[in-house]
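Note that the numbering runs from 1 along the sequence shown for the chain.
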Amino acid sequence: MRTKTAILSIAELTAEDLPRLRNVFDALPGVEKIDFSLERSVAVIDFDPGQSHIDDFLRAALKAGFKVL
C-alpha cells in the first residue's frame with residue numbers, strides 16, 4: 001500500500017489541542033500516522049489516498065473549530 005503525507009498548517013496550535021485534533025483525524029478512514037510540530041504549528045498525517053483525501057483533513061479540522069492556514 002502506498003501512503004501519502006498531508007501537512008496542514010494550523011493557526012495557534014497548542015499542546016492542549018493535540019488530543020482533540022488527533023481524535024478528529026483518527027476518525028477519518030485510512031489514517032496511518034499522525035505527528036504534530038508545535039514549533040511549526042503543523043499536523044503531519046500519513047494516510048492511504050484510496051480511503052481519504054487531503055481535503056477531508058482540511059474539512060475535519062475546520063469543522064472542529066481550528067483555523068487552517
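- In plain terms, the two heavy atoms of Ala11 and Ser41 that are nearest each other are C-OG, 4.1 Å.
- A single hydrophobic cluster is seen to contain both Val31 and Val68, as judged by linkage of ILVMFWY side chains at heavy-atom distances under 4.5 Å, directly or through other members.
- How far CZ of Arg2 is from CG of Asp48: 11.5 Å, rounded to the nearest 0.5 Å.
- Taken from CD in Gln51 to OG1 in Thr3, the straight-line distance is 11.5 Å, to the nearest 0.5 Å.
- A distance of 13.0 Å separates CD of Glu16 from CG of Leu21, quoted to the nearest 0.5 Å.
- Between the CG atom of Leu13 and the NZ atom of Lys67 there is a distance of 14.0 Å, given to the nearest 0.5 Å.
- The hydrophobic cluster containing Val44 does not contain Phe66, counting ILVMFWY residues as joined when their side-chain heavy atoms lie under 4.5 angstrom apart, directly or transitively.
- Note that the CZ atom of Phe36 and the CZ atom of Arg22 stand 5.0 Å from one another [nearest 0.5 Å].
- Nearest heavy atoms, Ile45 versus Leu8: CD1-CD1, 4.1 Å.
- There is no path of hydrophobic side-chain contacts, each under 4.5 Å, that joins Ile7 to Val24.
- A distance of 11.5 Å separates CG in Asn23 from CG in Leu28, rounded to the nearest 0.5 Å.
- One hydrophobic cluster, built from ILVMFWY side chains closer than 4.5 Å, holds both Ile34 and Ile54.
- Remark: Phe57 engages Phe25, Phe47 in a ring pair (Phe, Tyr, Trp, His ring centres under 6.0 Å) (not counting sequence neighbours).
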